[in-house]
Each structure stands twice: as C-alpha cells, then as structure tokens.
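Structure, as structure tokens:
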Amino acid sequence: MNNEKDKKLDDLFKKKLEDTDDQIGYREEDWDALDEMLDKRKRRRAVIYLWPVVSGIAAALLLFLGWWFFKPTEKNSNNLAVTRHTVKNDNSTTRNNPASTATTTLASKQNLASKQNNASATKTHTLSIDTSGSKPANLAINAPPKSSHRINQNPVLIGDKNANRTPPAFESNTAIAANKLKPQSGANLIDVTKPATKQLSSPLTPVIDNNKITAAAVLPKTPNVPMASVNHTDENSALKTGKPAEQPVSSAEKSQAAMSRLLASSAAQDNKVSAKTIASFRPRYALNVIGAEDASGAGSFQQAKAGNKAGVFFSAAISRKLSITTGTLYSSTPYAAAYGDYNFPYQFKNDPVSVSANCKMLDIPLNVGYQVYSKGRNAVTIGTGLSSYVMLQQSFNFSYAGNYGTSTSSYSVPNNSSYLFKILNLNATYQRQISSRGGITIQPYLKLPLANVGYSQVKLQTTGVAVGVNWNLGSSKP
Amino acid sequence: MGEDELHQLLRGCIKQDRKCQKMLYKTFYGFAMGICLRYANDRDSAAEVMNQGFLKVFTHIESFDLTRPFKAWLGKIMTNASIDFYRANLKMAYTEDLEAAENMSDGEFADTNLSYNDLLAMVQTLPPAYRTVFNLFAIEGYSHEEIGEMLHINAGTSKSNLHKARQKLKQMILKADAPASNSYNSGIDYAPSVAFNVPGIVLNKGIRG
C-alpha cells in the first residue's frame, strides 16, 4: 500500500518535472555568465601555453646578459693571439733595423707596451726568443733601439755582475741575456721580467747600475711590484751607488726619454689591467635537473604533508663565488591545516573542521648563491632568492563534523593565477663534482611565504631536500 | 532540432566557435536548467550549476561520441554537476524532526492539479540531502546502492533520506490541496540550506558517464 503510494508520488514528480518544455524561460544573463567563464578559461590556457615561451625568453635573456657581461674578458683573450704575432714581427724588425728612426721607435714602444700587457695577462708565455731557456716569468723583449741604447753600453757588465750578485737560480738567465746581448749589441736587448715596465724605465734612468736593474728585473719574488716603486728603488740604488746619472745628451734623447716615461706609465696601467685580467673570471653556466621531496604546511608545519617537486634549473656563475639561478619546477604540494588558517573568498554556513589541499603549481625561483666552501671536488653554496608560484590547479577537501558523523566534500579550482615573488627561498647546496662535465647536488631548502597565496589565501611554507644532477654547459678552463 | 543540425552545432563547438556554443546553449537551456533546478534551491543556484555543466560540455566536447544521444550525455553532466555542488555543500546537512509528517494521512495526490512550478518549488524546499536522494531515486532512477556511491553515503542513509523526502512532499501536497491553504508552503518554514556561491569551482574533475 505504502509502496504504491510512494510510487504514485514518484511518478507524479517524475512526469511533471521531466517535462520542462516551455516551462523555463531563457535568460540572456545566464549565457553572459557562461560567456565570461569561457573567456576566462581561454585567457588562462593562453597564459599556461605562454609560460614555456616566457621561460625560454627569460633563459635566453639570462644567457645573453651573461655573455655580454663577460664579453670584455673574452676580447682580451682574443687580442692575445693577435699580439703574439705582432711581438714576433716587431722583434725581428727591431733586430734587423737597429738604427730605426724615432718614429719607428715610438711605434715599437707602443707595440712593446701592448706586448707587456698581454705578456702579463698570459703570465706563462714567453714573448721573444730572448727568454728561451729562462723561467716562464722572465720575459725578454727587444727594446726599441734608442731607448735601450744605454743599456747596451755595458752589455758585458750586465752578464758579469749578475753572475756575481744574483742568486744561482737566476744566473743562467742573466748569462743568457748577457750572452745574447754580446753578439747583438745592435739589437738592443733588455731583459724583461714580469714587471716588464722596469726594463722600459731602465733607459730612462741611465744612472742606474744596469746590473741592479737586471737583477731586480729577474727577481721572481717581486713579480707584481708596481712600476713606481721599482723606479724608486732603482733611483735609490743609483743614489746609493753614488754614480753620476747619465742624462740624455741630446734633445732627441730627451724626447725619447719622455716618451719612454709615458710608455712606462702606460705599461704600468696595462699591467694593472692585465693583473685584473689574470684574476678575471670566466663565466660558467650549468644546467640542473632536480627532484625534491618536501613537506608543506599552511601557517605552520604541524600538519605538514609530503609533496614533491621536479624541474630544471639554469645557473650562471657571475664570479668565483656568486651565481644566479633560475628555472621551473613542477610542484605537487599537499598540505593541511585547521580551517582558521585559510582565507576562502566566501563564507561557509557551517565551518569545516579541517581542510586539506593539494596545489599543482609551477615554482619559478630566482636565487642568488654564494659559495662559502670549496675544496677539491666539493663545494657548499648558500643561497637566497624569491620564488613565483603559478597555480595550475588546487583541490580542497573539507571535513565536517555533522550529524552523520564526519563527512567530507571536495572541489577543485582550476586557478592558474600567478603570485610573483611572494615566496622567500633559503637554501644550502652541497655540490660534488663528478667530472669536468658535471656532478651531483644535494640541496636542503626552506620556502617561507611573504604573502598569502592560492585560492584559499594561505601562508604556504615548504621545507625539503632536493637532489639533482648538474651539467656544466661551458668549460671554465682558458 | 534535427540530427544533422545538432551535429553541425557540435562540430562548431568542437572548434570552440562561440556562436555555435551559444546556439547549443540556447537549444538545451530548458532541458539542462530543468535538471539543475530540481537539485538546487533556487534559479540562480541552478543557473550557476548549469553553467558549470555547460563549461564542462564545451571543454570536453571533443570527447563526445557523435553517434550517441547528446541529450543523455548532457543530462548526465548536469546531474553530475548538481551532485558535485551538493557534495561541496554537504556541510549544510539539514535535519528536521519528521514525526509530524509520519503520522499524516496519505491522500490521493495522483490526480492533483499542482503545476510544474508548484512541484518544483516543493522539491526545492526539501533539505538538500533529501532532495538529492529523491531526485536520483524517483526521477533519475538510480538504486540506493548507486546513490550511496555517488553521494558517499551508505544505502541505508539513502533509503532513510528518500523516505523523509517523500513524507515531506506528501505533507506539502496535502497542504497545498487543502482548501484552507493558499500555498503548500504556508505552514512550513524551511530556510534555504545553501546560500552562497562558489565562483570558479569545477565541481567535478571529470565527466562521468
């Protein structure tokens, strides 16, 4: 009886409610709402599709900036090869034409300065045949004819006194220089050691005992003595010797002496530049592929849940210690917290007991790293920076304490809104170099919120460890 | 609308042609809204759910098999969208003492003159838990086991909710048929259970059925 009545009731509603033809009028505003939803979705999809392009452009820009930043260094290196040829040519020219005109001499000096600059830069290169057999740091350069004329006044003396005064290790150098000076008295040879400008100044200080100059020049202990101090020493030594200074006797010689000073000054500056060049840093780029396990929580880690990340990093070392890193990580970040930690954009009639969520998002960090330890193949870098989150999808599960016991409900939000630089990154990276090609990295990290993120507007914080492999994109060897 | 015309519209929708989407929307607006209205409290909520359903239709239209009836597919999506909306708002579980309704005498309501709007208003007045089960069982034809799975409740709860829904509806019909009463709803004071909107929420991760 009851079943029949129930069925009649059901049929009544089924029949009437299923027959909706002409019962429900069309409302244009409903379509407008859907139209707007479709537009929003289209824009979001466009943004998602554009992200790889934007990331690629950013990476390319970073590469270009890195290349541009270090471009001068590479230019110097390139000039070196060109200058080497010039040095040889100049040497031969000078030898073959010891009685060159003043103009030629000036050109030679300018070339010489260039040689010295590049010789300092390369440090291990011998720029002329005069240094053959000598230590790499000792550079023998053919000086211009006139400027070296006075040195050649006592070529034998140089060799003799050096043989007596300089340490044994340098005697051979001096002897070589002396021996070469003897048969090439017209070639105007000057022994030039690392602070090459010393030899340039030597013609300008004819009062200087040539032996001392030579000895000072070959002293390896003072390879980086500034030009001024060397001259000063030479002058002092000259004063000590009490020998009368040999002044240029003619106006041409005076002019040349002045030119030599200018050249010496220029060479000193070049030396400084060269020193910088020696210490300069070649850019290094690396590609990292990492995977990470982490724990995230809203507001705290009390109800932290395990998540994971995977992605690619690109890093550029801007100095020996500093590096910049950026990339993209796909992150699955589940977290749970009390309802009070969330800030949903609507009010619940009955508040949930707890809310758990899972965010699928892109993490785009921009970090700066500083290498605090490096020994052998191991290095430790600490880093900080900011991350941007691009939400792809957020799923929420609500737990309610209702009359039917604990119940749950869920929904997902295809929210791909971006939160630019809202997360502070702190990390420490241990890197073990496996080969020149690359190595492995282990990176504990902590991500702290600077602002609320996500649809539920939570302070999402994450800590975890990333493990990865890195490849060096360019060799740091010269 | 003929089959060819419908297929042409659907092909346009696959190409994300907005005009075709709007034509399809207008064509099936009444059908879709009729389903959503049964599950919702009011027209605005129903429109919101319906639009969520159509959003799924338009974003997954390429997965629709053109050889199958579109109306059934659309109806399934609308039902699922409504269920998802209900599940998202399950916290509003409504309980009421039905003792009074239990003891009311059953009248003959098969020949009642209540209109579509009257019956719809009665269904919408039901608490969501009762309304959803009643819709799924009485109108959609699902079993209690299926309903239990869909709503994450057990079959016994589904039966209980159906029974209570029927009792309430009977009560409302009897009151509506009573000469002294101008409205079936005059003696019942039910507050709407769901009174907020959840913008931007996809109520179902995938298309069921």
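In what follows, chains are A, B, ... by sequence order, proteins preceding strands, each numbered from 1.
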query = Which atom pair, heavy atoms only, marks the closest approach of A:Lys14 to B:Ile139?
reply = NZ-O, 2.9 Å

request  = Go through B:Leu162 and A:Asp6 one step at a time and tell me if the side-chain contact (heavy atoms from CB on, under 4.5 Å) criterion holds.
outcome  = CA-CA 10 Å; B:Leu162 177 65; A:Asp6 288 343; over 6 Å; no

task = Taking all heavy atoms of B:Ala47 and all of A:Arg27, pick out the closest pair and write down the distance.
result = CB-NH2, 3.8 Å

task = Give the intermediate values and the outcome of side-chain contact (heavy atoms from CB on, under 4.5 Å) for residues A:Glu18 and B:Glu140.
result = CA-CA 10 Å; A:Glu18 279 191 337; B:Glu140 308 286 352; 5.7 Å; no

ask   = Is B:Lys26 salt-bridged to A:Asp30, going by a charged N under 4.0 Å from an acidic O?
value = no

ask   = Are A:Ile24 and B:Arg43 side-chain neighbours, meaning at least one heavy-atom pair lies under 4.5 Å?
value = yes

query = Does a salt bridge link B:Arg166 with A:Asp10, judged by any charged N lying under 4.0 Å from a carboxylate O?
reply = yes

key: Portion of A:Asp35 that has a non-hydrogen atom of chain B nearer than 4.5 angstrom   = both

task = Could you walk me through whether A:Trp31 and B:Gln21 pass side-chain contact (heavy atoms from CB on, under 4.5 Å), step by step?
result = CA-CA 10 Å; A:Trp31 165 254; B:Gln21 289 174 337; 4.1 Å; yes

task = For residues A:Leu12 and B:Leu169, determine if any side-chain heavy atom of one lies less than 4.5 Å from a side-chain heavy atom of the other.
result = no

Flag if over 12 foreign heavy atoms under 6.0 Å of CE, A:Met37 = yes

message = Assess whether a salt bridge exists between A:Asp32 and B:Lys22, defined as any Lys/Arg side-chain N lying under 4.0 Å from an Asp/Glu carboxylate O.
response = no

ask   = If you draw a 6.0 Å radius around CD in B:Glu62, do more than 12 non-hydrogen atoms from other residues or ligands fall strictly inside?
value = yes

query = Hey, what do you get for CZ (B:Phe134) to CZ (A:Phe13), rounding to the nearest 0.5 Å?
reply = 5.0 Å

query = Got a second to check how far A:Leu9's CG is from B:Lys170's NZ, nearest 0.5 Å?
reply = 6.5 Å

inquiry  = Which atoms of B:Leu37 are under 4.5 Å from chain A, going by heavy atoms: the side chain, the backbone, both sets, or neither?
reply    = side chain

inquiry  = What part of B:Tyr29 gets within 4.5 angstrom of chain A, counting heavy atoms only: side chain, backbone, both, or neither?
reply    = side chain

ask   = Minimum heavy-atom separation for A:Ala33 to B:Asn51, with atom names?
value = CB-ND2, 3.6 Å

query = If we only count heavy atoms from C-beta on, is the B:Met122 to A:Leu17 side-chain gap below 4.5 Å?
reply = no

query = So, does A:Lys16 use its side chain to make a donor-acceptor pair with the main chain of B:Leu114 at under 3.5 Å?
reply = yes

A:Glu28 portion near chain B, given a 4.5 angstrom heavy-atom threshold = side chain

